[in-house]
Number of protein chains: 2
Amino acid sequence: MARRSGRRPGNQDTRESILEAARNTFAEKGYDQASIRAIAGDAAVDPALVHHYFGTKEKLFLAVMNAPINPAELVPQALAGPREQAGERLVRVALGVWDSPAGTAALAVFRSALSNEWTARLLRDFVVTQVLRRAVSEMTLDPAEAEMRSALVATQIAGTIMARYVLKIEPLASADIDTLAAAIGPNVQRFLTDPMPEVFKS
Amino acid sequence: MARRSGRRPGNQDTRESILEAARNTFAEKGYDQASIRAIAGDAAVDPALVHHYFGTKEKLFLAVMNAPINPAELVPQALAGPREQAGERLVRVALGVWDSPAGTAALAVFRSALSNEWTARLLRDFVVTQVLRRAVSEMTLDPAEAEMRSALVATQIAGTIMARYVLKIEPLASADIDTLAAAIGPNVQRFLTDPMPEVFKS
DNA sequence: CCTGAAATTCAACGCCTGATGAACTCAACA
DNA sequence: TGTTGAGTTCATCAGGCGTTGAATTTCAGG
């Protein structure tokens with residue numbers, strides 16, 4: 001018999017409101033600038049409670065990042081369908097993620113990645129092992145070029161995210177997904193499937 | 001008679017060594033994470049001396065950013081020559097800047113822009129008013145599309161910088177400029193001159 | 001030499017940070 | 001009903017931050 005007596009977990013709204021406040025604050029300010037006190041204040045909660053639930057700031061960050069994005073589900077969704085439209089679909093899926101509620105968490109890790117070394121590693125490893133590698137294997141690209149091709153795709157996607165969600169450069173920030181997909185998709189497509197200079201064969 | 005007696009400015013090595021330490025530290029850690037104490041330590045100097053020379057951290061940052069990058073010189077350099085190769089030249093010039101010593105300062109502002117609101121505004125305003133607007137006027141693009149085209153170019157350039165210098169994704173980080181220019185240039189070119197969906201005409 | 005201004009140092013201020021541990025509340029079980 | 005343990009609060013720690021102002025050193029002018 002595990003739990004014999006005592007108050008039962010009961011109200012776990014608090015835990016989730018901390019999580020939500022953390023997600024928003026991390027997304028707004030990045031890892032370093034988001035203070036536990038600010039998060040706690042946002043959740044109308046004592047700062048010590050944050051530690052009670054999540055231990056350390058790092059663990060809280062990981063808890064925030066844990067659920068929302070599942071590449072195993074998104075990558076096939078982006079790659080299903082004719083190869084000639086894979087680029088556009090990829091842009092559409094990526095922007096869709098960032099525009100969704102889950103995108104808040106993604107934006108948090110993105111923002112944090114530029115000022116903090118370990119979050120940068122986090123993002124790089126995630127992108128490389130979870131997204132790019134998966135996409136490469138599903139698209140059956142020429143292995144000799146696959147790494148470079150997927151890295152190039154990453155530049156276009158990352159740049160779009162950066163310009164639209166972080167720097168908020170107009171008219172990009174206000175454009176709708178269809179417009180952007182039509183404009184950027186073909187470029188991604190070229191990175192994916194068009195012939196590349198011989199330099200890459202090495 | 002302005003200065004009548006007293007020690008003359010003399011040794012300004014100190015000022016420059018602070019500036020250099022600041023440039024490196026800002027580039028490594030971004031604006032917020034780079035502490036005045038760390039910069040002073042890097043320059044083997046008392047923290048108070050930094051304030052003596054530059055007043056505040058913000059002014060020090062601006063002093064670091066002040067000199068090194070001159071769009072008035074770079075933009076024409078990127079745009080001179082046949083329009084059909086403008087994309088590739090643009091990539092080449094951009095990467096050239098970041099690979100140069102001056103690029104350290106540029107990387108600093110780039111890094112800072114994601115975690116700090118006012119450096120983000122700084123970068124956005126700089127990019128929009130100093131680089132994009134200038135490029136647009138020199139290339140005589142259709143005004144109806146110019147804003148969107150230059151913003152799209154910005155996404156590809158920013159993404160490349162991010163992947164290569166911040167996230168350091170391989171094989172991008174180790175590739176030489178020629179390779180990248182050949183791979184990415186055509187995409188930039190398409191953003192610049194290829195026909196765009198009608199949606200943009202608005 | 002001596003004066004005075006610049007260069008440099010030192011100690012301290014007030015504030016914020018992440019984190020800790022003890023105290024208190026209170027619902028549920030024995 | 002009394003015990004238990006989770007939920008919650010509070011005071012506090014040690015440390016880093018940007019910044020300040022006064023003291024001290026250094027050195028070129030008059």
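The basis for the numbers below is simple: all heavy atoms, side chains too, and nothing from hydrogens, waters or symmetry mates.
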What pair of heavy atoms forms the shortest contact from Val188(A) to Gly87(A), and how long is it?
CG1-CA, 3.7 Å
Result for 5'-nearest mapping on DNA chain C, choosing between Ala48(A) and Ala34(A), is Ala34(A)
DNA chain D nearest-nucleotide lookup for Val45(A) and Pro47(B): closer to the 5′ end is Val45(A)
Using whole Å, what does the distance between atom P of nucleotide dG18(D) and atom NZ of Lys29(B) come to?
11 Å
Minimum heavy-atom separation for Ile36(A) and Lys57(A), please, with both atom names.
CD1-CB, 3.9 Å
Closest non-hydrogen contact found for Lys29(A) with Ala34(A) is CB-N, 4.0 Å
Output the single nucleotide from dT17(C), dG7(D), dT19(D) whose closest atom is nearest the side chain of Ser35(A).
dT17(C)
Near DNA chain C, which residues from residues 36-43 of chain A have a heavy atom under 4.0 Å away?
Ile36(A), Arg37(A)
Pairs touching residues 34-47 of chain B that satisfy salt bridge (Lys or Arg N to Asp or Glu O under 4.0 Å), sequence neighbours left out
none
Might you point out which heavy atoms bring Gln189(B) and Glu84(B) nearest each other, and give the distance in Å?
OE1-O, 3.1 Å
Please name the pair of heavy atoms, one in Ile169(B) and one in Ala151(A), separated by the smallest distance, quoted to 0.1 Å.
CG2-CB, 4.3 Å
Could you tell me how far apart His51(A) (NE2) and dT20(C) (P) are, to the nearest whole angstrom?
7 Å
Atom CG of Asp46(B) and atom C1' of dG18(D): how far apart are they, to the nearest Å?
13 Å
Rounded to whole Å, how long is the line connecting atom NE2 of His52(A) with atom P of dA23(C)?
17 Å
Round to a whole Å and report the spacing from CG of Asp32(B) to C1' of dG16(D).
14 Å
Ile39(A) and Ile18(A): which non-hydrogen atoms are nearest, and at how many Å?
CG2-O, 4.0 Å
Could you give the CZ-to-P distance, from Phe54(A) to dT20(C), as a whole number of Å?
16 Å
Value in whole Å for how far the C1' atom of dT17(C) lies from OH of Tyr31(A)
12 Å
OP1, OP2 of dT8(C) versus side-chain N and O of Thr14(B): anything below 4.0 Å?
yes
Any Tyr53(A) side-chain N or O less than 4.0 Å from OP1/OP2 of dT8(D):
yes
Using atom CG of Leu49(A) as one end and atom P of dG18(C) as the other, report the distance to the nearest whole Å.
16 Å
